Amino acid sequence: MPPISMQRYSTEIISSTDTLAGLVDGADLTRQVPTCPDWTLRQLTTHVGRAQRWAAEIVATRSATAIPFREVPDGRLPDDPAQHVQWLHGGAERLVTALRQAGSDPVWTPAGIGPASFWARRMAHETTVHRADAELAAGREPAIAADLAADAIDEWLGFLCGPAPGAEDPRLGALPEGSVLHIHATEDGLANGEWLIRREGSGIAIEHGHGKGGAAVRGPAGRLLLMLVRRVPPDDSELQVLGDGALLTAWLDATPF
């Protein structure tokens, strides 16, 4: 897949934050978010703004260690509703400024020391998914660019949905030995828009390509992303499930966002 630039990620962070801010402005923040059933809209908003400030602090300080999430400066949504939009925009702007200044300087990441650009990708997709949460709560259908959605699927399958270091992998129980789950984005011209998830002994292998599997799911990349992170169900009208649907259901149950 052609690499997505730091500028593109930054643009997505700003754009998705702007959409979220528009949905939050004047809204009832006690409303439950159906796709995050333990959260209200206030908690969702706070999470996004604090997460952006947390990543910005790691990048801006070139931190080599994790910074406690709840100790991030200005990480609390203001009590005054008139300040909510400004607070959200402030977190996004702080993050993209830090990323631009840091370039590829080494910083802490959940996978160890890596380039600061890790956080551009991570926070672009984090913000996009939670923007979609707010849109779905408001009865709107999210739109996600196909290339960004495919990149987010790559990140999700290749890194995020795996177990914590040293922990058991719940995905192993979802896929019988030798079984394959095929994910197929249907947009024309989308490079590397197919994924094969395979159980191999005591591990899970993810590879790009087309092949037969015990189950396959086809649809637009954005909708596939939302399905994989359990924002829309597999029987969504834009998706087509082929083969053993129980295999897909078991995978989704084992990989919460």
Side-chain angles (χ1 to χ4, degrees), residues 1-4 8-9 12 35 109-112 114 117-130 132-133 142 144-187 190-234 236 238-257:
M1 184 176 299
I4 294 176
R8 181 80 186 285
Y9 285 134
E12 180 62 23
T35 49
T109 80
S117 56
F118 168 93
W119 290 105
R121 185 192 200 200
R122 176 78 289 280
M123 294 311 300
H125 299 326
E126 179 82 5
T127 306
T128 295
V129 169
H130 287 315
D133 286 325
I144 305 173
D147 61 336
L148 285 170
D151 185 64
I153 292 172
D154 262 356
E155 184 196 43
W156 176 246
L157 295 178
F159 170 61
L160 289 180
C161 76
E168 293 186 8
D169 191 344
R171 300 174 303 173
L172 295 175
L175 295 181
E177 175 67 33
S179 62
V180 176
L181 176 60
H182 180 205
I183 310 297
H184 185 177
T186 52
E187 285 91 347
L190 183 63
N192 294 329
E194 297 186 64
W195 298 262
L196 297 172
I197 307 169
R198 190 186 312 273
R199 165 78 182 271
E200 294 183 348
S202 61
I204 299 291
I206 312 290
E207 61 187 47
H208 282 287
H210 183 82
K212 291 186 178 181
V217 57
R218 294 167 43 87
R223 216 63 183 175
L224 288 172
L225 171 64
L226 293 175
M227 183 272 298
L228 287 168
V229 296
R230 306 201 319 194
R231 267 52 186 186
V232 300
D236 181 82
E238 296 188 50
L239 300 175
Q240 180 184 21
V241 178
L242 306 170
D244 184 3
L247 191 67
L248 174 61
T249 298
W251 174 266
L252 295 175
D253 288 345
T255 54
F257 182 83

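Keep in mind it's a predicted model, so treat the numbers as computed, not measured. Positions are given from 1 along the sequence.
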**Student:** How long is the gap from CG on L160 to CG on D154, to the nearest 0.5 Å?
**Tutor:** 11.0 Å

**Student:** Evaluate the side-chain contact (heavy atoms from CB on, under 4.5 Å) criterion for residues D147 and R8: first the C-alpha distance (whole Å), next the side-chain angles of each, then the deciding distance (0.1 Å), finally the verdict.
**Tutor:** CA-CA 11 Å; D147 61 336; R8 181 80 186 285; 2.5 Å; yes

**Student:** Can any side-chain N or O of E187 pair as donor or acceptor with the backbone N or O of A221 at less than 3.5 Å?
**Tutor:** yes

**Student:** Could you state the interatomic distance from CD (E207) to CG (N192), rounded to the nearest 0.5 Å?
**Tutor:** 11.5 Å

**Student:** Just by distance, do the side chain of R230 and the backbone of L252 share a donor-acceptor pair under 3.5 Å?
**Tutor:** yes

**Student:** What is the distance from atom CG of D169 to atom OG1 of T255, rounded to the nearest 0.5 Å?
**Tutor:** 10.0 Å

**Student:** For E168, is the CD atom crowded, meaning more than 12 foreign heavy atoms sit under 6.0 Å from it?
**Tutor:** no

**Student:** Looking only at heavy atoms, which two atoms of T109 and G114 are closest? And how far apart?
**Tutor:** CG2-N, 4.0 Å

**Student:** For the residue pair C161 and W251, establish whether any side-chain heavy-atom pair is separated by less than 4.5 Å.
**Tutor:** yes

**Student:** Give the minimum heavy-atom separation between L196 and G209, together with the two atoms involved.
**Tutor:** CG-O, 3.6 Å

**Student:** Hey, what do you get for CG (L248) to CG (D253), rounding to the nearest 0.5 Å?
**Tutor:** 9.5 Å

**Student:** Which heavy atom of G219 sits nearest to which heavy atom of L239, and what is that distance?
**Tutor:** CA-CD2, 4.0 Å

**Student:** What's the spacing between E155 CD and F118 CZ if we round to 0.5 Å?
**Tutor:** 6.5 Å

**Student:** Classify the ring geometry between H210 and H182 as parallel (under 30°), tilted (30 to 60°) or perpendicular (over 60°).
**Tutor:** perpendicular

**Student:** Taking R199 for the side chain and L175 for the main chain, is one N or O donor matched with an acceptor at less than 3.5 Å?
**Tutor:** yes

**Student:** Hey, could you give me the OG/CD distance between S179 and E200, rounded to the nearest 0.5 Å?
**Tutor:** 10.5 Å

**Student:** Do F257 and E126 have side-chain heavy atoms sitting under 4.5 Å apart?
**Tutor:** yes

**Student:** Grab the two heavy atoms, one from I144 and one from A149, that are nearest each other, plus how far apart they are.
**Tutor:** CG2-CB, 3.8 Å

**Student:** Any non-hydrogen side-chain atom of P110 less than 4.5 Å from a side-chain atom of F159?
**Tutor:** yes

**Student:** Would you say R231's side chain and V229's backbone share a donor-acceptor pair under 3.5 angstrom?
**Tutor:** yes

**Student:** If only atom types and distance count, is the side chain of R121 paired as donor or acceptor with the main-chain N or O of D151 below 3.5 Å?
**Tutor:** yes

**Student:** Please name the pair of heavy atoms, one in P163 and one in R171, separated by the smallest distance, quoted to 0.1 Å.
**Tutor:** CD-NH2, 3.8 Å

**Student:** Which heavy-atom pair separates T186 from R218 by the least distance, and what is that distance?
**Tutor:** CG2-NH2, 3.7 Å

**Student:** Taking it one step at a time, do H208 and W195 satisfy ring pair (Phe, Tyr, Trp, His ring centres under 6.0 Å)?
**Tutor:** CA-CA 5 Å; H208 282 287; W195 298 262; 5.6 Å; yes

**Student:** State which residue, out of L224, D236, L228, fulfils the side-chain contact (heavy atoms from CB on, under 4.5 Å) condition with V217.
**Tutor:** L224

